[in-house]
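Nothing fancy with the numbering, it's 1 onward along the sequence. All values derive from a computational prediction rather than experimental measurement.
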Amino acid sequence: QVQLVESGGGLVQAGASLRLSCAASGSISGINFMGWYRQAPGNQREPVATITSSRTTKYADSVKGRFTISRDSNKNTVYLQMNSLKPDDTAVYYCRLVTSEDYWGQGTQVTVSS
């Protein structure tokens with residue numbers, strides 16, 4: 001019974017910062033990677049950032065240099081620090097946990113005004 005709960009979204013102005021959190025609970029073993037994905041209205045869900053069990057990170061070109069993904073293994077929590085936010089970053093952000101199974105959170109809304 002694994003559950004992912006995202007938090008930290010909100011409405012901000014362009015140039016502002018937000019930090020998203022995703023707390024995983026339940027019986028978790030053999031983590032391959034965790035990541036953040038986003039989906040804007042009319043668009044497909046796309047990867048934003050991922051981090052492996054060995055802490056290797058990957059970022060979408062559109063967020064590289066502005067976003068940072070990190071994790072706290074003791075708490076099974078992953079974070080996404082978002083700086084210099086742009087209106088194009090507006091989307092629902094989802095947390096993902098991949099083991100032998102594939103788990104998704106419910107999403108948190110990020111809205112960036114111009």
Side-chain angles (χ1 to χ4, degrees):
Q1 189 72 15
V2 174
Q3 185 176 18
L4 304 179
V5 179
E6 302 102 328
S7 62
L11 194 160
V12 298
Q13 293 185 332
S17 297
L18 284 172
R19 188 179 73 161
L20 306 183
S21 298
C22 172
S25 62
S27 182
I28 302 170
S29 62
I31 294 176
N32 188 345
F33 68 90
M34 298 184 72
W36 289 95
Y37 297 70
R38 68 186 182 187
Q39 187 167 21
N43 292 353
Q44 293 184 268
R45 188 172 299 184
E46 62 179 4
V48 176
T50 59
I51 183 167
T52 69
S53 59
S54 61
R55 286 188 164 83
T56 298
T57 59
K58 293 183 178 180
Y59 297 92
D61 288 342
S62 60
V63 308
K64 194 171 298 182
R66 299 188 297 121
F67 292 9
T68 303
I69 188 171
S70 62
R71 69 179 179 90
D72 182 341
S73 59
N74 291 332
K75 302 179 68 174
N76 287 323
T77 301
V78 65
Y79 305 93
L80 185 67
Q81 178 66 46
M82 305 185 293
N83 298 328
S84 302
L85 283 162
K86 306 174 180 179
D88 284 348
D89 295 319
T90 295
V92 177
Y93 284 70
Y94 297 91
C95 180
R96 185 188 186 191
L97 165 65
V98 177
T99 59
S100 60
E101 307 275 347
D102 196 350
Y103 304 97
W104 292 87
Q106 83 288 345
T108 184
Q109 177 71 47
V110 172
T111 302
V112 184
S113 63
S114 60

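- Criterion: ILVMFWY side-chain heavy atoms under 4.5 Å apart, direct or through other members. Under it, Val92 and Val112 are not part of a common hydrophobic cluster.
- Judged as a side chain to side chain contact (heavy atoms under 4.5 Å, CB included), and not counting sequence neighbours, the contacts of Asp72 are Asn74, Lys75, Tyr79.
- The minimum heavy-atom distance linking Leu80 with Ala49 is given by the pair CD1-CB, 4.2 Å.
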Exercise. Do Ile31 and Asn76 pass the side chain to side chain contact (heavy atoms under 4.5 Å, CB included) test, and can you show the C-alpha distance, the side-chain angles, and the key distance before you say yes or no?
Worked result: CA-CA 10 Å; Ile31 294 176; Asn76 287 323; 4.2 Å; yes

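- Considering every non-hydrogen atom in both Val12 and Leu85, the closest pair reads CG2-CD1, 3.8 Å.
- Across Gly105 and Tyr94, no two heavy atoms sit closer than the pair O-CD2, 3.7 Å.
- Residues forming a side-chain hydrogen bond (donor to acceptor under 3.5 Å, both in side chains) with Ser53 (at least two apart in sequence, or on another chain): none.
- Counting only residues at least two apart or in different chains, salt bridge (charged side-chain N to carboxylate O under 4.0 Å, His left out) contacts with residues 20-34 are absent.
- Side-chain atoms of Glu6 come within 3.5 Å of backbone atoms of Gln106 as a donor-acceptor pair (strictly under, hydrogens ignored).
- Linking ILVMFWY residues whenever their side-chain heavy atoms come closer than 4.5 Å, directly or via other members, places Leu4 and Ile28 in the same cluster.
- Under the 4.5 Å side-chain heavy-atom criterion for grouping Ile, Leu, Val, Met, Phe, Trp and Tyr, Met34 is connected to Val2 within one hydrophobic cluster.
- Taking the side chain to side chain contact (heavy atoms under 4.5 Å, CB included) definition, one finds that Ser7 meets it with Ser21, sequence neighbours left out.
- Remark: Tyr37 engages Trp104 in a ring-ring contact (aromatic ring centres under 6.0 Å, His included) (not counting sequence neighbours).
- Judged as a disulfide (SG to SG under 2.5 Å), the pairs with a partner in residues 65-114 (not counting sequence neighbours) are, in order, Cys22-Cys95.
- Between Thr52 and Phe33, the shortest heavy-atom distance links the atoms CA-CB, 3.9 Å.
- Taking Thr111 as the reference, Gln109 meet the side-chain hydrogen bond (donor to acceptor under 3.5 Å, both in side chains) condition, with sequence neighbours excluded.
- Taking 4.5 Å as the limit, every side-chain heavy atom of Thr50 sits out of range of all side-chain heavy atoms of Val98.
- Ser29 is linked by a side chain to side chain contact (heavy atoms under 4.5 Å, CB included) to nothing, counting only residues two or more places apart in sequence or in another chain.
- Separation of atoms CD1 (Ile69) and CD (Gln81) is listed at 12.0 Å; rounding is to 0.5 Å.
- Listed here is the closest heavy atom pair of Phe67 and Tyr59: O-CE2, 3.3 Å.
- Applying the salt bridge (charged side-chain N to carboxylate O under 4.0 Å, His left out) test to pairs two or more places apart or on separate chains, those with a residue in residues 25-39 are Arg38-Glu46, Arg38-Asp89.
- With sequence neighbours excluded, the residues that form a salt bridge (Lys or Arg N to Asp or Glu O under 4.0 Å) with Arg96 are Asp102.
- Contact detail for Ala40 and Thr90: the closest heavy-atom pair is CB-O, 3.6 Å.
- Legend: residues meeting side chain to side chain contact (heavy atoms under 4.5 Å, CB included) with Glu101, ordered by chain and number and at least two apart, are Thr99, Tyr103.
- The salt bridge (charged side-chain N to carboxylate O under 4.0 Å, His left out) analysis of residues 10-29, with sequence neighbours excluded, yields no pairs.
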